[in-house]
Amino acid sequence: MAIKPLGSRVLIKKLEAEEKTAGGIILTTAAQEKPQMAEVVAVGPGTKDEPMEVKAGDKIVFAKYAGTDVKYEGEDYTIMKQSDILAVVD
């Protein structure tokens with residue numbers, strides 16, 4: 001990966017939004033809720049005040065409006081502060 005986050009930032013790739021409801025209704029792109037789950041692609045080195053608690057490959061839940069969206073080599077990523085991550089999903 002050529003994008004290397006700095007400090008206590010992480011690079012994530014959002015998981016795909018659900019295209020169908022539990023009842024089988026297919027949602028249009030506009031009706032789909034933005035995903036708040038993602039996979040960590042890369043992490044920064046952390047800082048002395050904030051060591052990194054996540055690692056590449058972790059599945060996470062993050063704050064709804066967190067981060068900055070970035071497009072790199074045709075893929076969509078988000079860079080955010082580690083403090084915007086709410087939980088790690090096992």
Side-chain angles (χ1 to χ4, degrees):
M1 173 55 55
I3 299 176
K4 296 179 182 166
L6 302 175
S8 60
R9 290 181 179 81
V10 297
L11 179 71
I12 64 168
K13 184 161 181 61
K14 294 178 182 172
L15 300 178
E16 295 297 318
E18 291 293 323
E19 296 180 9
K20 198 186 304 185
T21 66
I25 298 172
I26 297 175
L27 300 172
T28 65
T29 305
Q32 293 174 6
E33 191 170 318
K34 283 179 64 177
Q36 285 182 255
M37 290 189 70
E39 182 174 347
V40 176
V41 176
V43 298
T47 64
K48 65 179 180 175
D49 296 328
E50 187 177 1
M52 293 308 292
E53 296 181 47
V54 296
K55 61 188 179 313
D58 283 350
K59 299 255 189 294
I60 59 156
V61 177
F62 58 92
K64 192 167 195 152
Y65 298 105
T68 301
D69 293 330
V70 176
K71 186 170 239 151
Y72 180 73
E73 293 184 351
E75 296 286 332
D76 293 321
Y77 298 97
T78 301
I79 298 174
M80 67 175 50
K81 295 182 219 169
Q82 178 180 240
S83 59
D84 290 329
I85 296 174
L86 305 175
V88 175
V89 180
D90 287 331

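Residue indices begin at 1 and follow the sequence shown. Only this structure's heavy atoms are used, side chains among them; waters, hydrogens and symmetry mates stay out.
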Q: What closest approach, in Å, do Pro45 and Pro5 show between heavy atoms, and which atom pair accounts for it?
A: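 That would be CD-O, 3.9 Å.
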Q: Sequence neighbours left out, what passes side-chain hydrogen bond (donor to acceptor under 3.5 Å, both in side chains) with Asp84? Give chain and number order.
A: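 Checked Asp84 against side-chain hydrogen bond (donor to acceptor under 3.5 Å, both in side chains); zero matches.
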Q: Could you tell me which non-hydrogen atom of Gly7 sits nearest to which non-hydrogen atom of Thr47, and how far apart they are?
A: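 Reported closest heavy-atom pair: CA-CG2, 4.1 Å.
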Q: Kindly write out the residues that satisfy salt bridge (Lys or Arg N to Asp or Glu O under 4.0 Å) with Glu39, not counting sequence neighbours, or none if the list is empty.
A: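 With neighbours one apart ignored, the set is Lys59.
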Q: Please round to the nearest 0.5 Å and tell me the distance separating atom CE of Met80 and atom CD1 of Ile60.
A: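 Taking CE in Met80 and CD1 in Ile60, the distance rounds to 5.5 Å.
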Q: Output the distance between atom CD1 (Ile79) and atom CG (Leu11), rounded to the nearest 0.5 Å.
A: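 If I round to the nearest 0.5 Å, the distance is 5.5 Å.
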Q: Please name all residues satisfying side-chain hydrogen bond (donor to acceptor under 3.5 Å, both in side chains) with Glu50, sequence neighbours left out, ordered by chain then number.
A: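 Glu50 satisfies side-chain hydrogen bond (donor to acceptor under 3.5 Å, both in side chains) with Ser8, Gln82 once adjacent residues are dropped.
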Q: Can you tell me how far CD1 of Ile12 sits from CZ of Phe62, rounded to the nearest 0.5 angstrom?
A: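 Atom-to-atom, Phe62:CZ and Ile12:CD1 are 4.5 Å apart.
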Q: Which value, rounded to the nearest 0.5 Å, describes the distance between Thr68 atom OG1 and Arg9 atom CZ?
A: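 Thr68 atom OG1 to Arg9 atom CZ measures 8.5 Å (nearest 0.5 Å).
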Q: Going by salt bridge (Lys or Arg N to Asp or Glu O under 4.0 Å), name the residues that satisfy it together with Glu73, two or more places apart in sequence or in a different chain.
A: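 With sequence neighbours excluded, Glu73 shows a salt bridge (Lys or Arg N to Asp or Glu O under 4.0 Å) to no residue whatsoever.
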Q: Identify the heavy atoms of Ile3 and Ala42 that sit nearest to each other, and give their distance.
A: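 Looks like O-CB, 4.1 Å.
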Q: Please evaluate residues Val40 and Lys55 with respect to the criterion side chain to side chain contact (heavy atoms under 4.5 Å, CB included), reporting the C-alpha separation (whole Å), side-chain torsions for both, the decisive distance (0.1 Å), and the verdict.
A: CA-CA 7 Å; Val40 176; Lys55 61 188 179 313; over 6 Å; no
Q: With a 6.0 Å cut-off (strictly less than), is the heavy-atom count around NZ of Lys13, excluding the residue itself, greater than 12?
A: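 Atom NZ in Lys13 is crowded, with more than 12 foreign heavy atoms closer than 6.0 Å.
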Q: Checking Lys71 now: which residues fulfil salt bridge (Lys or Arg N to Asp or Glu O under 4.0 Å) with it, not counting sequence neighbours?
A: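 Here the qualifying residues are Asp76.
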Q: In sequence, state the C-alpha distance, the side-chain angles, and the governing distance for Val61 and Val89, and then conclude on side chain to side chain contact (heavy atoms under 4.5 Å, CB included).
A: CA-CA 7 Å; Val61 177; Val89 180; 3.7 Å; yes
Q: Check the pair Tyr77 / Asp69 against side chain to side chain contact (heavy atoms under 4.5 Å, CB included), numbers first and verdict last.
A: CA-CA 6 Å; Tyr77 298 97; Asp69 293 330; over 6 Å; no
